[in-house]
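Step one of this worksheet: look at the structure below.
The structure displayed is predicted, hence computed values, not measured ones.
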Amino acid sequence: MKVSDLNPAQLQQRLQEAGLRIRTGPFVTRVHTSLAAAAEGIGLLYADYPLAEDEDFADFHIRLALPDGLRRWLRPQVLFLYDGTRTFKPLPVDQAFPMFEWGMNWCVSSHAHSYLIIHAAVLEKHGHAVILPAPPGSGKSTLCAALSQRGWRLLSDELALIRVADGCVIPLPRPISLKNASIDIMRHYAPDAVFSRKVSDTMKGTVAHMQAPADSVARASEWARPGWVIFPRYEAGADTHLTALPKAHAFMRAADNAFNYSLLGERGFASLAGLIEASSCHDFVYSKLDEAIDVFNNLRPAALLP
Amino acid sequence: MIAPPLLLQALRYPEQLGSLGLADWDILIRQARKANLLASLHARLQECGLRKTLPAQPREHLDWAHALAERHRLAVHQEVTLIQQALAATGVPVILLKGAAYVMAQLPNARGRLFSDIDILVPKERLDEVEAALMLHGWAASHHDAYDQRYYRTWMHELPPMQHIRRMTVIDVHHAIVPETAAVHPDPAKLRAAACPITGQVSLLTLAPADMVLHSAVHLLHDGELENGLRDLVDLDALLRHFGDEPAFWLRLTERAEALDLTRPLFYALRYTSMMLHTSIPPDTLAQAARLGQPGNAMLALMDALFLRALLPEHASCRDMLSGISRKMLYVRANWLRMPPLLLARHLFHKACISPKSAD
Amino acid sequence: MKWQAISPQSLHMRAWGEEVVVYDARTGDTHLLALAAARILAAIGHSPANVSSLAQTLTDLLPDQNSQEQAHEQIEAMLAELAGISLITPAKP
């Protein structure tokens, strides 16, 4: 059963009472909220996601709630509660859905230490994963969104999960977050895709989320092998350029972009070394999306090269 | 009183968790995480061989907590080594306290523990030397407010916490295990005289086993913040089980409690570990501890009501109406134990008005 | 003067081309070293050594036109750096 099988009234009731249990990749999250802004975003962008109704165990327990006191009414705020504990500063209630998304990311990156978690977009084609680590402002999300619309299966737009036990790249497909100019770029690029409404004045500017393609959600249990680690950089007017990156450098930069590399200690080192060893590593500069897509579509896994 | 939460049952009898259903695992994992005991639960399940047999999802969560605790253990090792190097030239004997002691002495309760500060005990007359040596090696004083400085140096039993400027780690340098202003006065010289070297570690010491237990008892009952109350009780339980294997330990425990003026904390520690965690304590020892340290009936009833609630995990599934009030009363009580009432009022008032960022 | 690795059994290395990443399990630090520096580290991790004996193990890595003096200078510089990141220390006589 999927989220879309619930009508709005049923969805609202679940969210307010027993909680809505959604499966995203390897995780089950139980969500409680009575906020319309959050319910609306969840109903729209999580339509294709399986409900975990019969699951007795949830990995994360989240509530989006109004605070007690003045800020419930006056310029109302929303709180993110992780199993009853306030984990972040309150945000304006208008930002309830982005807060939900950021909170969901936090749940995984703060806890799931059976994975090496790299702050990166990750997509798959022919069984091989391309990992795009990037600090904010690198244009990774736009590139990720575009690739997901042109034949690449989305594994995640924010969190690359490398399973420590075996090195597999594990999907966690969720709505793709876009900011400012990228929102309209992607609306134009993918006119049939589903978008949440824009939310302005967040700490990241104006944000919106694009629904993950149904195929990527349906195939969320299909893991991928490492293929490429590519550091993207958007530069207005630049020529599209893919250059080889020495692996030791790729290692250090990927470690810099990982949430729990240091926490995992020796196993983190071994996991990342395994990933880099098995991947073709590059720097990538681009300004035109179509050219970027072409470069990616011409990638061949190192294992298959003559 | 409400039925013992799942977490208490799990800590008492981890070997019974093999048959727990997933809905109960969901609650248990969350109670344990809230009480900072998830990694300890992993350690207990590993010890009794059950970890491999658990359902995949709860096992994942236990493994996640274990990964974090292991990293902490590594960090403590490193930090203690650097502290040792910083203080080597002073020749001051350094006694490790609490978590750092458990890790370096490889005691069972080191597994699954998370750490914030490193605590050491040094002679009061060497404090200045120690402070200077630490500053030379990159630790800086915190709490620059003159009142806070005086609070720590005059009334408490420690220097203001020092933070390393590069590593951001914190060290608490104690000269006694109980504040100067408290009603009881365990003699630090006696503690230092009985301190034991750590095998394989040059110039590092821990308190003697009975003293380590008594320090843990004092900490549990005199510390203002009870968030880690159950965690501290689990520590006590682990220490008692480890040292209690040796029959002579129990007699030594009550003797030392008398010698160090800590008979009341010992009474409570043995009472609450046996009541909440079913720690097995020789009846003779319980009787002797009661003879030496049991309070009057009215006080005992009150303390039972307060502690047995406040020591429960602070999770929604463990609350009853009184729990919040219990916690608050114990906070006031703990401060009362540490400072005479007049000073306490002044301290809390000062804190409220002048240092809002360190609000309780 | 001989040098020794502080904790050779804690070191994990992976080499790609001319560069090596090193993880020190004792401190949790990760370092990026040139191949020559990594080889020095591995050598003195095996047994303490001085500059002259290290120069012999590195002949294939140091340019041919270097005089022995230049080679020793380069090795001294690398030793200083390795000491600076707490991987090595002067060996006790």
Side-chain angles (χ1 to χ4, degrees), chain A residues 18-19 21 23-32 52-63 65 68 81-87 106-117 159 161-166 170 172 221 258-271, chain B residues 5-7 17 19-39 42 51-52 54-78 112 114-115 167-169 227 312-319 323-324:
Chain A
R21 289 169 187 258
R23 174 168 281 287
T24 55
F27 308 114
V28 171
T29 305
R30 199 175 107 217
V31 188
H32 273 102
E53 291 303 287
D54 297 331
E55 305 251 8
D56 287 332
F57 186 96
D59 294 295
F60 307 119
H61 300 77
I62 287 173
R63 180 182 293 272
D68 296 325
L81 297 160
Y82 173 73
D83 199 16
T85 307
R86 291 169 66 148
T87 30
W106 175 86
C107 287
V108 174
S109 65
S110 306
H111 294 97
H113 303 305
S114 47
Y115 305 95
L116 173 65
I117 307 171
L159 303 172
L161 304 181
I162 316 300
R163 194 157 53 193
V164 171
D166 57 13
I170 303 301
L172 179 56
S221 57
F259 289 98
N260 62 353
Y261 169 78
S262 178
L263 186 150
L264 288 174
E266 216 173 294
R267 288 184 311 140
F269 177 78
S271 292
Chain B
L6 266 176
L7 179 56
L17 290 174
S19 52
L20 202 66
L22 278 175
D24 280 337
W25 270 114
D26 181 297
I27 303 274
L28 176 56
I29 295 287
R30 291 154 65 197
Q31 286 181 359
R33 182 176 285 124
K34 204 68 197 279
N36 269 321
L37 283 168
L38 193 50
H42 174 280
R51 184 208 150 263
K52 296 185 291 298
L54 301 178
Q57 285 161 296
R59 194 176 63 222
E60 273 283 275
H61 283 254
L62 291 162
D63 289 348
W64 296 349
H66 172 68
L68 179 60
E70 275 303 291
R71 186 65 184 87
H72 276 241
R73 212 170 48 81
L74 171 67
V76 168
H77 251 282
Q78 190 201 354
L114 298 179
F115 304 87
R167 293 192 306 274
M168 308 306 280
T169 48
E227 276 159 9
L312 292 178
E314 209 181 321
H315 188 258
S317 60
C318 303
R319 274 183 215 133
S323 301

Where does [X] contact chain A at under 4.5 Å (heavy atoms): side chain, backbone, both or neither?
X	result
P58(B)	both
I29(B)	side chain
Q57(B)	both
L74(B)	neither

Would you call [X] and [Y] a side-chain contact if the rule is heavy atoms closer than 4.5 Å?
X	Y	result
H113(A)	R71(B)	no
E70(B)	L263(A)	no
R33(B)	Y82(A)	yes

Could you give the distance from NE2 (H61(A)) to CG (D26(B)), rounded to the nearest 0.5 Å? 3.5 Å
Rounded to the nearest 0.5 Å, what separates atom CZ in F57(A) from atom CG in D24(B)? 11.5 Å
Would you call the rings of F60(A) and W64(B) parallel, tilted or perpendicular, where under 30° means parallel and over 60° means perpendicular? parallel
D54(A): what forms a salt bridge (Lys or Arg N to Asp or Glu O under 4.0 Å) with it, not counting sequence neighbours? none
Does D83(A) offer a backbone N or O that forms a donor-acceptor pair with the side chain of R30(B) under 3.5 Å? no
Side chains of H61(B) and D59(A) only: does a donor on one sit below 3.5 Å from an acceptor on the other? yes
Taking A75(B), G21(B), A67(B) one by one, which has the highest count of heavy-atom pairs under 4.5 Å against chain A? A67(B)
Only pairs of heavy atoms separated by less than 4.5 Å count here; which of G84(A), S262(A), P26(A) has the most with chain B? S262(A)
